[in-house]
Amino acid sequence: MTPSDAPEPPPPLGSWCRFYWLVALVHIAVVTVLFLVTRLFQLPMGHP
Amino acid sequence: MTTIDWIVCFGFIGYMVWDGLKRVGETKSLAGYYTGNRRIPWWAAGLSVMGTQASAITIIGTSSQAHEQGMGFVQTYFGLPFAMIVLSIFMVPLYRSRALLTAYEYLEGRFGPETRALASLVFLSSRCMQLAIALGAPAVALSAIFGMPTTASLFLIGGLATLYTMVGGVAAAIWTDVKQMTVIIFGMLAVLVILLWDLLPHFSLSKLLEVAGAAGKLNAVAVVPDSTDFLPRSAVAAAAGIGLPSFWEQKYNLWSGLFGGFFLHLAYFGCDFSQAQRILTSKNKHDSRFALLLSAFVKVPMQTLILSVGVLIWLFYAVHGSPMLFKPEHLDAAKTPQYAAQVAAAQQQYDAAQARRRERMQALAALPGGPTSDPALLHDYQAAVAEVAGIRKQARELFAVGATAEERKSSADDTNFVFVRYILDNLPHALLGLVIAAIFAAAMASSSAELNALSAAAVNDGYKRWIARGKSEAHYVLVGRLATLAFGMFASSVGMFMLGGGSLIENINIMGSFFYGSLLGVFALAMLVRRARRWAGAIGLVAGMATVAVVHNTLKIEFLWYNVVGCLAVLVVGILVSCFERAPRPSATAS
């Protein structure tokens, strides 16, 4: 291995870029569903 | 446990050990022993990523935590998919562009041998202690439940994991992880179905959610933080109860999960070699990315499943009546003359409070307009929920022993016994054996991946780099096997002293957070700061850990934020050092 003080730039993403967006969007959808389902039923403790 | 349960349990454990041992043919070289000759399919590496993270703690600790505190813990994983994407973009090409055997080899090429050695030592010490917790805590819980000596349980788990990892290397660790994950998912789904099968005749699904939500158990996403005061309190003020909690003191909310969790998982999967090793085992960088991204899809749903099981166990006990004490040592102490009268009085109060809770729960579920249509009843129900929890807490504290407040709190805590108690009392035969086997197998499988990673770092970053260069592959593999044995014995022995209560999974994450942010910081420094040279990495790493230690001792901040603090501290100090650094670039030293 050759030491270097220059970090290497990541290679081009190509079609992976679309897949990363898919991962992010699926995750956001899962969290949103979780939020909506639990939000419907969760009540703060000490409800007046 | 009946005979059929024991047969299923030991049959599965035996199968796992045999499956690990038979991988010996793939371990003739260092690349075979530590990277599986880079021929592991992406889905197996991906399941292994989850299996290594899961461990027995996930089953016992997470579900029990949901029983006590609700589902808020799931927010820890909200930053995970974003971390996996960043790792796929930056770390996978970096690790796969060279024939690395450990992640820390890269740091030598970038900064020099000091930073590699230091990062590897940080990994070895922190991971070793976490391994001891991962072995010790479930061993104690299981031995207490089954009435077997702690040492027997500990060395059964630690000894068998060490044996097959020593022989089969990383391939054994990965393929046993695959089986462990399959059984965990199947087992938890089966427990979920059994709980619903029991509860649905009493309440419809929406009514179950209503009564759980009214009891504060469905706190899965806390968007609005409890406090918007961003000035952290000092640790002294917090201990004395002076001032109000700041934003940084809420353990789980959307923001700590997204930002703190992002840094935690970036560091854990990218810089902790027990996970980063998976990136090196796939066939190519595309497979490595798929292996990482599998967790991004599956982790949050899986944790939601396990936490849901915990909430359903709470509902099950709310409907059928819950034991007041779960921990075997509490149950034993309750029978002694010293405590018998106090426990009997507490039990009487507890039974009455449970009856009130059940009655109000049924009345609440019968409301056609939902719990908020009768605020007075809702208030009474929540008061009954709090009363039951309060009496149970007081009863546990009767037996609290220890010199310090922390020891007494630990002694009174029975979080990790709830799930095991439920399955022992309620699961059908054979399935109980399989779930118990899954708990043992999970402890062994995650330990085995960590053992192989510890051995890899010790041999490649330590022995081969500093002590014995130029030896044969067979020699290094032999040393690797011996290192695995040594780490296994050490962690099993130290595990004997890691018997504290509290939430196991939190303890592991808290310990990791002391180091992970700094490790991440040094990798970020290497990749992002062009001018950083020899000493910037090493000094930055030390400064990052020191900063986290200072913050921990002076400010009241929850552990997820330590990862952000450590990472930023390394970057700031590393950049400052690099401004003054005039040393020549390190010579080529990596092997």
Side-chain angles (χ1 to χ4, degrees), chain A, chain B residues 70-71 74 78 80-82 84-85 88-90 93-94 97-98 100 105-106 108-112 206 209-210 212-221 223 254 286 289 293 296-297 300-301 304 371-372 375 378-379 382 385-386 526-533 585-591:
Chain A
M1 190 187 305
T2 308
S4 163
D5 59 357
E8 298 161 28
L13 296 176
S15 59
W16 276 97
C17 196
R18 281 194 293 275
F19 193 64
Y20 295 143
W21 274 110
L22 176 70
V23 171
L25 290 174
V26 168
H27 175 58
I28 291 166
V30 167
V31 172
T32 306
V33 169
L34 190 60
F35 168 70
L36 290 175
V37 170
T38 54
R39 184 83 185 130
L40 274 176
F41 298 101
Q42 172 72 3
L43 295 170
M45 289 298 279
H47 199 276
Chain B
M71 298 178 70
V74 74
F78 284 178
L80 183 148
F82 303 113
M84 292 307 203
I85 292 172
S88 295
I89 294 171
F90 291 101
L94 185 140
S97 61
R98 305 167 176 84
L100 300 180
E105 272 186 80
Y106 165 74
E108 177 163 11
R110 184 65 182 81
F111 293 122
S206 66
L209 290 168
E210 279 179 5
K217 300 292 176 188
L218 299 184
N219 50 349
V221 188
V223 178
L254 180 65
H286 296 292
R289 283 173 171 154
L293 293 171
F297 282 113
V300 170
T304 305
T372 49
L378 174 59
H379 180 267
Q382 292 189 334
V385 168
M527 287 189 288
L528 303 177
V529 183
R530 193 180 174 84
R531 65 196 296 172
R533 291 182 188 165
R585 290 188 304 177
S587 57
T589 45
S591 51

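What's counted below: heavy atoms across the whole structure, side chains too, no hydrogens, waters or symmetry copies.
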Mind listing the side-chain donor-acceptor pairs of residues 21-37 of chain A below 3.5 Å, one per line with the distance, residues two or more places apart or on another chain?
unit_1  : atom_1 : unit_2  : atom_2 : d
A:His27 : NE2    : B:Phe78 : O      : 2.8
A:Thr32 : OG1    : A:Ile28 : O      : 2.6

Between atom CZ of A:Phe19 and atom CZ of B:Arg289, what is the distance when rounded to the nearest 0.5 Å? 11.0 Å
Report yes if the side chains of B:Ser88 and A:Tyr20 come closer than 4.5 Å at any heavy-atom pair, otherwise no. yes
Mind checking the CG-CD spacing from A:Leu40 to B:Glu210? Nearest 0.5 Å is all I need. 10.0 Å
At a 4.5 Å cut-off on heavy atoms, which part of B:Leu293 comes close to chain A: side chain, backbone, both, or neither? side chain
CD1-SG distance between B:Ile89 and A:Cys17, expressed to the nearest 0.5 angstrom: 7.0 Å
